[in-house]
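Written out below as C-alpha cells is the structure these notes cover.
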2 protein chains.
Amino acid sequence: MIRHSRQRDAIRDAITRAGRPLLPQEVHQLAQQQAPRLGIATVYRNLQALQDAGEVNQVTIPGDSPRFELAEQPHHHHFKCTQCGEVTTLYACPGKLAALTPQGYQMHRHELTLYGHCVKCTQAH
Amino acid sequence: MIRHSRQRDAIRDAITRAGRPLLPQEVHQLAQQQAPRLGIATVYRNLQALQDAGEVNQVTIPGDSPRFELAEQPHHHHFKCTQCGEVTTLYACPGKLAALTPQGYQMHRHELTLYGHCVKCTQAH
DNA sequence: TCAATAATGATAACTCATTATCATTAAAAC
DNA sequence: GTTTTAATGATAATGAGTTATCATTATTGA
C-alpha cells in the first residue's frame, strides 16, 4: 500500500518547477529545499516509483546518464548547453523524418538533440 | 614513437569494413578474424589512439556506451534497430534546425537518432 | 642479426551511477 | 494514542565499462 510522503512531493515538485529534464543529482539538490534531509537513495527510489506511476519519463541525452521530466507533455526535443550542461525543452520538431528512413526499414520514433550555448552562457561573454 | 602493428590494422579495417558505428566489443569480435589473439585492452588502447590521430570518431546513441566510426564522413545521422540493436548510418538530414533554436541561444551542432526495425528484423516477421 | 623499446595480452583495479541492506522514522487506520 | 508497516537515510555493495599494471612479444633502426 502506497503512503503519502513529504519527500516524494518534494521530488515531484522539483521536476515540475524546473520545466526541464533533471539528473538525479539535480533533483536531489532542488528537492532538498523542500525536504532538507532528503537522501539520494530516496531520490532514486521515487524517480522509479513516479516513472512506474506514469508521472515522469526518462530522457537520455547521448553520453549522459538519464534525466527525468514530467510525462504528459506534447512531442518535443532538447537543447543541451555545452558550457553549463543544462538541458532545455524545445517544443518544436523538424518533422518529415520518414523520408530519412532507408528502404525496408520501419521507423517508430526519433530523438533530436541540439547542442550549443544557452542564453545565460551566450550573454556571459 | 609510433610503430606499426597488425592489431591496429585489424581494428581500423574492422571499422572501415563495417560502414557503421561499432561498440568496442563489436570491434573486438570483428577484428579477431584478422588478429586472432587480440585482447580487449588493445581494442580500447587503439580506439583511443585512432581517435587522437583523427582517424575515427566517437558516436553516442542515447543510453548506450560510445561507438566508433570512421572520421571524414559527410554529415550524417543514425538509425538504431530496437530489435537487434544494430546502428546504421543515414546519409540524410532534415535540415533547417536553426528554426528550432530558442531566442538568444546559439546552436552549434545537432544529433538525430531514428529508432525502429531494420530490414533484417522487419523481414524476420 | 641484434638491441632498444613500443605494443600487446591477461587480468587486476578502478570509476561512478545505481541498487540493496537495515535500523529508524513517520503515515494512516483503528 | 497505539499499532502496523511503508518510507526514509546512511552507507555498503553491485555491475558494467574502461583503464592500469606488468611480464612478454614483436617492430624498427642500426
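Excluded from the calculations below are hydrogen atoms, water molecules and symmetry mates; all remaining heavy atoms, backbone and side chain alike, are included. Chain letters run A, B, ... following the sequence lines, proteins first and then strands; every chain starts at 1.
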- Item | A:E26 (side chain) donor-acceptor with A:L23 (main chain) under 3.5 angstrom |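 Yes; at least one donor-acceptor contact below 3.5 Å.
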
- Item | Exam field: side chain B:T82 to backbone B:G116, donor-acceptor pair closer than 3.5 Å |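 Checked: pair present.
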
What is the distance from [atom1] of [X] to [atom2] of [N], rounded to the nearest Å?
X: B:L47; N: C:dA7; atom1: CG; atom2: P; result: 15 Å
X: B:F68; N: D:dG17; atom1: CZ; atom2: C1'; result: 11 Å
X: B:Q58; N: D:dT18; atom1: CD; atom2: P; result: 8 Å
X: B:I11; N: C:dA7; atom1: CD1; atom2: P; result: 12 Å
X: A:I40; N: C:dA20; atom1: CD1; atom2: P; result: 15 Å
X: B:Q7; N: D:dT25; atom1: CD; atom2: C1'; result: 10 Å
X: B:Q48; N: D:dT19; atom1: CD; atom2: P; result: 7 Å

- Message: Determine whether the aromatic ring centres of residues B:Y115 and A:H108 are separated by less than 6.0 angstrom.
- Response: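 Aromatic pair excluded; centres sit 6.0 Å or further apart.
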
Side-chain N or O of [X] versus OP1/OP2 of [N]: is the shortest distance under 4.0 Å?
X: B:Y44; N: D:dT18; result: yes
X: B:S5; N: D:dA26; result: no
X: B:R6; N: C:dT8; result: no
X: A:R8; N: D:dA7; result: yes

- Message: Once you apply a heavy-atom cut-off of 4.0 Å, does B:R45 come out as touching a base, just sugar-phosphate, or nothing?
- Response: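 Base, at least one base atom sits under 4.0 Å.
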
- Would A:R12 and A:D9 pass as an ion pair if we require N to O under 4.0 Å?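 Salt bridge between A:R12 and A:D9, a charged N being under 4.0 Å from a carboxylate O: yes.
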
- Task: Please tell me which of the listed nucleotides, C:dG9, D:dT18, C:dA27, lies nearest to the side chain of B:P66?
- Result: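 Given the options C:dG9, D:dT18, C:dA27, the side chain of B:P66 is closest to D:dT18.
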
- Task: Counting heavy atoms from C-beta on, name the nucleotide in C:dT11, D:dG17, D:dG9 closest to the side chain of B:A41.
- Result: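 The nucleotide sitting nearest to the side chain is C:dT11.
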
- In terms of side-chain heavy atoms, does A:R17 have a donor or acceptor partner in A:Q34 at a distance below 3.5 Å?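 Their side chains do contain a donor-acceptor pair, which is all the 3.5 Å distance test asks for.
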
- For DNA chain D, whose closest nucleotide is more 5', that of A:M1 or that of B:I2?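 With A:M1 and B:I2 compared, the 5'-side residue is A:M1.
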
- Task: Report the residue (B:R3 or B:S65) whose heavy-atom-nearest nucleotide on DNA chain D is the more 5′ of the two.
- Result: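 Of the two residues, B:S65 wins.
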
